[in-house]
Amino acid sequence: GQNIDQPTEMTATEGAIVQINCTYQTSGFNGLFWYQQHAGEAPTFLSYNVLDGLEEKGRFSSFLSRSKGYSYLLLKELQMKDSASYLCALDDYKLSFGAGTTVTVRA
Amino acid sequence: DTGVSQNPRHKITKRGQNVTFRCDPISEHNRLYWYRQTLGQGPEFLTYFQNEAQLEKSRLLSDRFSAERPKGSFSTLEIQRTEQGDSAMYLCASSRSDRAGTGELFFGEGSRLTVL
């Protein structure tokens, strides 16, 4: 298996920056996805990394280091609506998800 | 609405009964996936199809679970002789995949199963 690890919970203040780490152990994969899931809703796509490095997309950025077995999702200028679960997933022709990190944004 | 559609959205059943869920994917997507999710966990892979072919099924999946995608369009997931441990949200997702990987998964709203 991929043994995908993420912190269970994180709390941050509106306007701040939060970094969600994801570590994994696997021999190979096509790429790494990040999904956002609000309570009671379906997951929605945030970002995808194939190559090592940083992918920036508005307030969200994602980083991948294959050699270190590590990725992170960076959320900048946090808004209340960013309170959600953030799921890291490895792509090996199906997506294998971590347990998710619940982010709570406080005023 | 051209998104992924699942029904029923909610199903309550008694232990030992059979249940069936249906998923209608985005029409041009060749891949269809079934996942199961319980509270506080990420989606757990169950099985997936490329067109009408079932390419992989989770080794952890009981043989009480079966899925079909007969014409490469909609799919059904059947659970026979349900158990209380089957209570979960069943998510369907579809993607347009190529040799480079899965492609972005688009999820349906899910079918919530409660087994009494």
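Residue numbers start from 1 in every chain, and the chains themselves are labelled A, B, ... in the order their sequence lines are given, proteins ahead of strands. Predicted, not measured: the structure shown is a model, and the values here were computed from it.
- Contact check on B:Glu83 versus B:Arg64 returns a salt bridge, with a Lys/Arg side-chain nitrogen under 4.0 Å from an Asp/Glu carboxylate oxygen.
- Minimum interatomic distance between B:Asp24 and B:Phe74 (heavy atoms only, all atoms of both residues): OD1-CB, 3.4 Å.
- Contacts with chain A were tallied for B:Glu104, B:Glu109, B:Glu56; B:Glu104 has the most, counting heavy-atom pairs under 4.5 Å.
- For a residue to count as touching a neighbouring chain, one of its non-hydrogen atoms must lie under 4.5 Å from one of that chain's; by this rule B:Leu105 touches chain A with backbone and side chain alike.
- Only the side chain of A:Leu87 comes within contact range of chain B, judged by heavy atoms closer than 4.5 Å.
- With a 4.5 Å cut-off on non-hydrogen atoms, B:Glu44 does not touch chain A at all.
- For chain B, no part of A:Gln6 is nearby; none of its heavy atoms comes within less than 4.5 Å.
- The ring of A:Tyr93 has its center no closer than 6.0 angstrom to the ring center of B:Tyr48.
- In B:Leu116, the CG atom is crowded: over 12 heavy atoms of neighbouring residues, nucleotides or ligands sit closer than 6.0 Å.
- Sorted by first then second residue, the disulfide (SG to SG under 2.5 Å) pairs that include residues 34-67 of chain B, not counting sequence neighbours, number zero.
- Among residues at least two apart or in separate chains, there is no side chain to side chain donor-acceptor pair (under 3.5 Å) pair with a member in residues 3-21 of chain B.
- In summary, of the residues considered (B:Ser75, B:Pro43, B:Ser58), a side-chain contact (heavy atoms from CB on, under 4.5 Å) with B:Trp34 occurs for B:Ser75 alone.
- Ring centroids of A:Phe29 and A:Tyr24 are separated by less than 6.0 Å, placing the two rings close together.
- Of residues 74-82 of chain A, not one residue has a non-hydrogen atom less than 4.5 Å from any non-hydrogen atom of chain B.
- A salt bridge does not link B:Glu52 to B:Lys71: none of the charged side-chain nitrogens sits closer than 4.0 Å to a carboxylate oxygen.
- Taking all atoms of both residues into account, the shortest heavy-atom contact from A:His38 to A:Ser83 is CD2-O, 3.1 Å.
- Using a 4.5 Å heavy-atom threshold, the side chains of A:Phe63 and A:Tyr70 count as touching.
- Proximity to chain B at a heavy-atom threshold of 4.5 Å picks out A:Gly98, A:Ala99 from residues 98-107 of chain A, in numerical order.
- There is no contact between B:Arg112 and chain A, counting heavy-atom distances below 4.5 Å.
- Side-chain polar atoms of B:Gln84 and B:Asp86 form no donor-acceptor pair below 3.5 angstrom.
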